[in-house]
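Input: a single structure, listed below in structure tokens.
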Amino acid sequence: HARHFSDAATKGFSECPDFKIVDSTLREGEQFATTDFTPQDRMYIAKILDRMGVDYIEMVNPMAGKQAVEDCENVAKLGLKSKILVHTRCHMSDVKAAVNTGVQGINLYMATSPVLSKHSHGKGIDVIIETATKVVEYVKEHGLEVRFSCEDSFRSDMSDCVTIYKAMDAIGVDRVGVADTVGIATPKQVEHVISTVRANIKPTTGIEFHTHNDTGCCIANALVALEAGATHIDTCVLGLGERNGITPLGGFLARLYTLDKDLITERYDLSLLKHLERYVAQHCHVTIPFNNYVTGSCAFTHKAGVHSKAVMQNPSAYEVIDPSDFGVERRIELAHRLTGWNAMKQRTQDLGLEIPDEKLKIATVMIKDLSDERTIGLEELDKILMSLCSKRQPKAAFVAWGEDAHEHKADFYRRETEDAIKMLDANEDTRPSEVFRFTGHLFDKAVLNRLLDLAVDSPVDFKVVKLDVPNDNEQQSSAIIKVIGELNDIEVLRQKYENLLSTLDGVARTQMSIEENEEEESTEEDSKTPPPHNVHPE
């Protein structure tokens, strides 16, 4: 059932194996530092994973508590296409509890590395095989899929692992598990271990690969594992998990997409990824990184003039992934010092405007210069372009200028652009606004991050008017945030601010006050205040 990769896209990868994804967001993801899923969250995440097309969904060991039992039962009753698995220790009591929840498979594990086995079960290889045999046979008697994994495989003795895998294969496990529990493996080591395991078990027995991202190799290692003979890859939404997490679902799918686009788009509904990641991020209290695979805010943002021009003519010039396949959009940054007039021309065409090339080239230079002084938003850029389009100089005037027409036209276009830029400042926002001052230890418990997140999630527009961060961490910081919008929305945001500060009271004391509804004028002293080193410390 192999699919051929594009020769141009992949050197060294000749076939795409018939792999399956075991998503562990509801097991490994639960072990992430700030994960706080409710039972309803787990049900919803399971449904979206199923709609996306993942083959397996792994749940927490029901021995974790009453709620874990109910979660396994409830998800198992949903009737999803994805098979529901439970991850348990190789203990008969754990397995009996898991079987009773109605799930379709059990993922067993036992530590095999000296450092882990010493501090867990303390058993030798013969005892591990004897124990696992009884448990595996119990699972098989109940008609469930079963996997046995050597925990910490890459710090275990390879001959010990092979002995265990051969024994498990002989009694009929559906697959064996190879686990890079601490993220120590390199791609070459993964290739060696997986190919060695594949050579020692039946071709029909699967190999499930689980790798952590402590050293940044999880996606590469997962891909190499498939090429070496693995059949199942463990993933988590956003790569969540213990410590630095495991292989991210989105990143792994993006990697495979570049190798066989048709296969991945047929098997998985990639358009659900962005929503799923946002939902999980919100309930794990994390912010999706700007450079997150596919769905990060800058994943398909082009800024350099040469890049922008090429992408506008042929997106594949600088993109190996079509953003529309993943339900995200491409963005061309225009109003900045690196932009080019071709990007500006494309924007005028998008707006249905006609501006002479000579005028647009002059305007581009002036807009680039202005961007060195202040940030220019896309809405402001569009206002400048529309203003330039509406002003037309009679051709008779150009003719009257005679031999100096070129210089006169250039000067005329510069004045037009200057007038258009001045109009930006004249068009002040007349909507209601409020100015909040926050004073305290804003970087304890990432208070400032949370304040800004609340503003981002609110319908209001906002900007940070002033941020004072003293060199001495013991001193208090202060921030002034101006919000603009409907009165009801501003009031709701104010209440959310009050609730947040009340919750944090005692651990990161911060005070809020309402300022005069005017932005503070920056003083010379203010301009000397250094910017914060990191507004998002986490």
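Residues take their numbers from the sequence shown, with the count starting at 1. The basis for the numbers below is simple: all heavy atoms, side chains too, and nothing from hydrogens, waters or symmetry mates. Since this is a predicted model, take the numbers as computed values, not measurements.
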Decide, yes or no, whether a salt bridge links [X] with [Y] under the criterion of side-chain N to carboxylate O below 4.0 Å.
X      : Y      : result
Asp55  : Arg267 : yes
Arg243 : Asp214 : yes
Lys20  : Glu208 : no
Glu418 : Arg414 : no
Arg42  : Asp71  : yes
Arg431 : Asp461 : yes

Are [X] and [Y] near enough that their ring centres are under 6.0 Å apart?
X      : Y      : value
His232 : Tyr56  : yes
Tyr257 : Tyr268 : no
His210 : His212 : yes

Using side chain to side chain donor-acceptor pair (under 3.5 Å), reason through Thr439 and Gln476 one step at a time and then give a plain yes or no. CA-CA 7 Å; Thr439 305; Gln476 292 189 335; 5.8 Å; no
Can you confirm whether the side chains of [X] and [Y] place a donor and an acceptor under 3.5 Å from each other?
X      : Y      : result
Asp234 : Ser24  : no
Asp94  : Asn61  : yes
Asn499 : Gln495 : no
Thr181 : Glu151 : no

Find out whether [X] and [Y] are in side-chain contact, i.e. whether some heavy atom of one side chain is under 4.5 Å from a heavy atom of the other.
X      : Y      : value
Leu238 : Ile288 : yes
Glu58  : Val86  : no
Ile264 : Asp325 : no
Met59  : His87  : no
Tyr497 : Leu451 : yes
Glu434 : Ile514 : yes
Asn292 : Glu277 : yes

Is there a donor-acceptor pair under 3.5 Å between the side chain of [X] and the backbone N or O of [Y]?
X      : Y      : result
Asp180 : Ala185 : yes
Thr25  : Val237 : yes
Ser433 : Val483 : no
Glu28  : Glu242 : yes
Thr247 : Ile219 : no
His285 : Ala281 : no
Thr364 : Leu360 : yes
Ser458 : Leu454 : no
Gln104 : Ile84  : yes
Asn221 : Cys218 : no

Which atom pair, heavy atoms only, marks the closest approach of Gly29 to Leu240?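 Answer, listing the atom of Gly29 first, then Leu240: CA-CB, 4.1 Å.
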For the residue pair Phe436 and Phe438, does the interplanar ring angle fall in the parallel (under 30°), tilted (30 to 60°) or perpendicular (over 60°) class?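 Taking Phe438 first and then Phe436, their aromatic rings lie parallel (interplane angle under 30°).
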Hey, does the Lys NZ or Arg CZ of Arg255 hover above the aromatic six-ring of Tyr293, less than 6.0 Å from the centre and inside 45° of the axis?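 Not satisfied by the 6.0 Å and 45° rule.
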